[in-house]
2 protein chains.
Amino acid sequence: MPTVSSEELAAAAGVNSAKLRKDFSYLGSYGTRGVGYDVEYLVYQISRELGLTQDWPVVIVGIGNLGAALANYGGFASRGFRVAALIDADPAMAGKPVAGIPVQHTDDLERIIQDNGVSIGVIATPAGAAQQVCDRLVAAGVTSILNFAPTVLNVPDGVDVRKVDLSIELQILAFHEQRKAGEEAAAADTAVAPAARRQPADKGPDGDVPAVMPA
Amino acid sequence: MPTVSSEELAAAAGVNSAKLRKDFSYLGSYGTRGVGYDVEYLVYQISRELGLTQDWPVVIVGIGNLGAALANYGGFASRGFRVAALIDADPAMAGKPVAGIPVQHTDDLERIIQDNGVSIGVIATPAGAAQQVCDRLVAAGVTSILNFAPTVLNVPDGVDVRKVDLSIELQILAFHEQRKAGEEAAAADTAVAPAARRQPADKGPDGDVPAVMPA
DNA sequence: CCATCTTTGTGCACGCGTTCACAAAGACAT
DNA sequence: ATGTCTTTGTGAACGCGTGCACAAAGATGG
């Protein structure tokens, strides 16, 4: 029986082994003391807990570049997601296959949701159309929405929305990049005039800025 | 002079007003007691701290659906990012304009990076090509990489990588969705036989599972 | 069957971020 | 000027997640 120890897994994942064991213990998973975790059993337990063993039909609304990219994305199928339908407002798109799935018109949105028992919708429309699409999805029975449109969506209680902003990650990189440049400058400063270090409490219109930001 | 109070902002953002004030104080931003924060000044300070006032040339490598979607994404320009070049390995793509920018061939990658002083690269290639592209970007001087390919990239120290997995958000939604279903079932259970509630310590091969997951 | 060795599961302590609560600052009215 | 009222900036308390350290569990060998 192939097994792994929490120590091995932790090293591979770059985390603390105790944290890993504690997390596993929350799942009710059992390892064997002196041996480790049965790999197959562990994978199954985690998959089940994460909902990967279930079939999740999703619809993608808005088949532009992003919608098409999502429809083609390989990572979905392997995680239990099935693209049940592609929906677009453009009549010219209707019937055209994207990623092997024919695009359907927005008019049929409600029917599609209900016929396929869809509870998760993906919005990849322009910002202007997003709220309206969202309302129709919710009215048709969707209770979870993944929003790629750059708008904040209003939904009733009981509906989950997650917003993906493709530029946020880029912004975080730029922030660190800026910091790298700043560090170099500060290091140079110190080399030249260590005693001239600015005070930590130094503030004001032109004040320098301490460390704050997502990791 | 238009102003906002921390209370207003906190309510709008759905966070605690004290946290907001403390965060602002780290930026060295100054509000006026009894009045609030000068909106224009605040916006400028935050923009500057986040690096939004700088011009960040980026290259996008891999102009498939996703690459094209990114090239067209409006959110970039408004956040200080400028798509300096689009690069693809397919010779047939070369010269074709996407989002108004002509696609260039991978052969010229190094030159493009250097000519434009690019320090941030976006990888939207298939998984197989990602590491190779990454190596070339780094060798050419890129120090921050945004990776959309489903692979873990190896980079030397000093280079930042952020990985975006489009299915993770979907997976989180599915997790909560599963939980909603579970809650309903549990509620039904309780209604019928409240005394039969399972013990919190109940574990085992079929054990139930407690609360664990990203929010 | 006992001793030893490995690895789990977890109580406990520490540290960090969030929230509370309030003094100080400034605006504004009288 | 003086007092009142609003809102900031921040010290202190709290809570939660992380990491340490160890007892308990079980495998393995003699």
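Please read these numbers as outputs of a predicted model, since none were measured by experiment. Residue numbers begin at 1 in each chain, while the letters A, B, ... track the order of the sequences. Side-chain atoms are counted along with the backbone in the values below, which use heavy atoms only and exclude waters and symmetry mates.
If you measure from atom OH of A:Tyr30 to atom P of C:dT7, you get 20 Å, rounded to the nearest angstrom. If you take CD of B:Glu7 and P of C:dA21, they are 14 Å apart, rounded to a whole angstrom. Between the CZ atom of A:Phe24 and the P atom of C:dT10 there is a distance of 14 Å, rounded to whole Å. Atom CG in A:Asp23 sits about 13 Å away from atom P in C:dT10, given to the nearest Å. Rounded to an integer number of Å, the gap from A:Leu27 CG to C:dT8 C1' is 15 Å. Rounded to an integer number of Å, the gap from CG of B:Leu20 to C1' of C:dC20 is 16 Å. B:Lys19 has its NZ atom 21 Å from the P atom of D:dA12, to the nearest Å. Taking atom CG of A:Asn16 as the reference point, atom P of C:dG9 lies 15 Å away to the nearest angstrom.
No hydrogens or angles considered: a donor-acceptor pair under 3.5 Å links the side chains of B:Thr143 and A:Glu177. Using modelled atom types and a 3.5 Å distance limit, the side chains of B:Ser29 and B:Gln45 yield no donor-acceptor pair.
Under a cut-off of 6.0 angstrom, the local environment of CD in A:Gln132 is sparse, with at most 12 non-hydrogen atoms contributed by other residues, nucleotides or ligands.
Between the base of C:dT7 and the side chain of A:Arg33 there is no donor-acceptor pair shorter than 3.5 Å. The base of C:dT18 lies outside donor-acceptor range of the side chain of B:Lys22, with no N or O pair under 3.5 Å.
Side-chain proximity of A:Ser25 to the nucleotides D:dG9, D:dA23, C:dT10 is greatest for C:dT10. Taking the side chain of B:Arg21 as heavy atoms from C-beta on, and the options C:dC22, C:dT19, D:dA21, the nearest nucleotide is C:dC22.
The pair A:Asp165-B:Arg79 meets the salt-bridge criterion, with a side-chain N (NZ, NE, NH1 or NH2) lying under 4.0 Å from an Asp/Glu carboxylate O.
Between A:Tyr37 and the phosphate of C:dT6, there is no side-chain N or O to OP1/OP2 separation shorter than 4.0 Å. Between D:dG26 and A:Thr32, no contact under 4.0 Å exists linking OP1 or OP2 to a side-chain N or O. Between B:Ser6 and the phosphate of D:dT8, there is a side-chain N or O to OP1/OP2 separation shorter than 4.0 Å.
Residues A:Tyr44 and A:Tyr41 keep their aromatic ring centres 6.0 Å or farther apart.
For the pair A:Val4 and B:Ala18, nearest-nucleotide mapping onto DNA chain C gives the more 5' position to A:Val4.
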